[in-house]
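First the structure, in the form of structure tokens, and then the observations on it.
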Amino acid sequence: MTPLTLHLHGPARVVAADGRETLLERRAAALCALVALEPGFPRERAAAWLWPDSADPRRNLRQQLLRFRQQCGQPVLEGDDRLVLAAGVTLGAGAGDLLQDLDFGDSAELAAWVAA
């Protein structure tokens with residue numbers, strides 16, 4: 001497995017050891033922040049917070065985890081009931097605000113968590 005570094009301050013991204021960067025869209029960045037800053041974050045709560053208006057938020061979460069694998073070539077997050085950073089993924093230090101310039105007004109719980 002290639003070591004990956006997750007950056008959540010400034011532009012949210014995953015950086016591989018070879019320097020290849022994968023920029024994270026809004027929900028992907030928020031999911032990574034929840035899990036990186038609160039290891040063992042409940043899968044059900046993450047799905048509900050990120051896709052509050054979805055008929056099947058768990059399916060959306062599964063699809064996002066699959067997209068991480070496709071984009072980064074390996075899992076970024078893992079866990080059945082509770083999510084953690086996958087083996088080989090570390091949280092990088094960075095400058096700027098957490099999840100810089102991303103708006104989470106569509107989910108009150110997520111917006112409150114990010115603000116805190």
Side-chain angles (χ1 to χ4, degrees):
M1 231 182 258
T2 303
L4 298 175
T5 304
L6 174 63
H7 294 274
L8 299 172
H9 291 83
R13 64 201 185 285
V14 177
V15 181
D18 64 5
R20 184 177 38 93
E21 288 191 7
T22 302
L23 293 177
L24 300 177
E25 60 89 19
R26 180 178 76 95
R27 286 186 174 123
L31 178 58
C32 287
L34 289 170
V35 173
L37 300 177
E38 290 191 32
F41 200 86
R43 243 180 123 111
E44 291 292 323
R45 188 180 333 154
W49 282 13
L50 290 164
W51 294 277
D53 296 329
S54 173
D56 192 355
R58 292 179 300 168
R59 180 181 61 98
N60 293 340
L61 177 60
R62 283 191 306 273
Q63 289 176 339
Q64 180 58 63
L65 296 175
L66 178 60
R67 275 192 298 276
F68 284 140
R69 256 185 237 165
Q70 292 169 337
Q71 293 171 338
C72 299
Q74 65 192 57
V76 174
L77 307 175
E78 60 190 10
D80 292 327
D81 294 328
R82 297 185 172 271
L83 295 167
V84 295
L85 292 178
V89 178
T90 58
L91 186 58
D97 295 331
L98 177 68
L99 304 177
Q100 176 179 316
D101 299 328
L102 297 177
D103 178 26
F104 299 103
D106 58 338
S107 173
E109 293 91 351
L110 183 57
W113 184 88
V114 171

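Each residue takes its place number in the sequence, starting with 1. Predicted model, so just to flag it, every value in this text is computed and none were measured.
From R82, atom CZ reaches atom CG of L77 across 15.0 Å, with rounding to the nearest 0.5 Å. Within the model, atoms CG of L23 and CZ of R13 stand 8.0 Å from one another, a figure rounded to the nearest 0.5 Å. For the atom pair OG1 (T5) and CD (E21), the distance works out to 10.5 Å, reported to the nearest 0.5 Å. Between the NE2 atom in H9 and the CG atom in D97 there is a gap of 7.5 Å [rounded to 0.5 Å]. Rounding to the nearest 0.5 angstrom, the gap separating the CG atom in D101 from the CZ atom in R26 is 13.5 Å. In this structure, NE2 on H7 lies 10.5 Å from CG on L24, to the nearest 0.5 angstrom.
If you chain together hydrophobic residues whose side chains sit under 4.5 Å apart, W113 and F104 fall into the same group.
For the pair L61 and L31, the minimum side-chain heavy-atom distance is below 4.5 Å. Contact annotation: the side chain of V76 never approaches that of V35 to less than 4.5 Å [non-hydrogen atoms, C-beta and beyond].
Closest heavy-atom contact between A29 and L102: CB-CD1, 3.9 Å. Between L50 and R27 the shortest heavy-atom distance is O-NE, 2.7 Å. Nearest heavy atom pair, residue G40 against residue V84, reads N-CG1, 3.6 Å. Residues R20 and Q71 approach most closely at NH1-O, 3.6 Å, considering heavy atoms. A pairwise comparison of heavy atoms in V89 and P75 identifies CG2-O, 4.0 Å as the closest pair. Nearest approach of A17 to T2, heavy atoms of both residues: N-CG2, 4.0 Å.
Applying the 6.0 Å contact sphere to CG of D18 captures more than 12 heavy atoms from other residues, nucleotides or ligands.
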Given L110 and L34, is the side chain to side chain contact (heavy atoms under 4.5 Å, CB included) satisfied, shown in steps? CA-CA 9 Å; L110 183 57; L34 289 170; 4.2 Å; yes
Could you go through L91 and L8, starting from their C-alpha distance and side-chain angles, then the distance that decides it, and tell me whether this counts as side chain to side chain contact (heavy atoms under 4.5 Å, CB included)? CA-CA 8 Å; L91 186 58; L8 299 172; 3.7 Å; yes
Apply side chain to side chain contact (heavy atoms under 4.5 Å, CB included) to the pair L4 and T22, showing each step before the final yes or no. CA-CA 10 Å; L4 298 175; T22 302; over 6 Å; no
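Under the 3.5 Å distance criterion, the side-chain polar atoms of R58 are left unmatched by any main-chain donor or acceptor of A47.
Residues forming a side-chain hydrogen bond (donor to acceptor under 3.5 Å, both in side chains) with R62 (at least two apart in sequence, or on another chain): none. Taking F41 as the reference, W49 meet the ring pair (Phe, Tyr, Trp, His ring centres under 6.0 Å) condition, with sequence neighbours excluded.
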List the atom pairs, with distances to 0.1 Å, where a side-chain N or O of residues 63-70 and a protein N or O form a donor-acceptor pair under 3.5 Å, not counting sequence neighbours.
{"from": "Q64", "atom 1": "OE1", "to": "R67", "atom 2": "NH2", "distance (Å)": "3.1"}

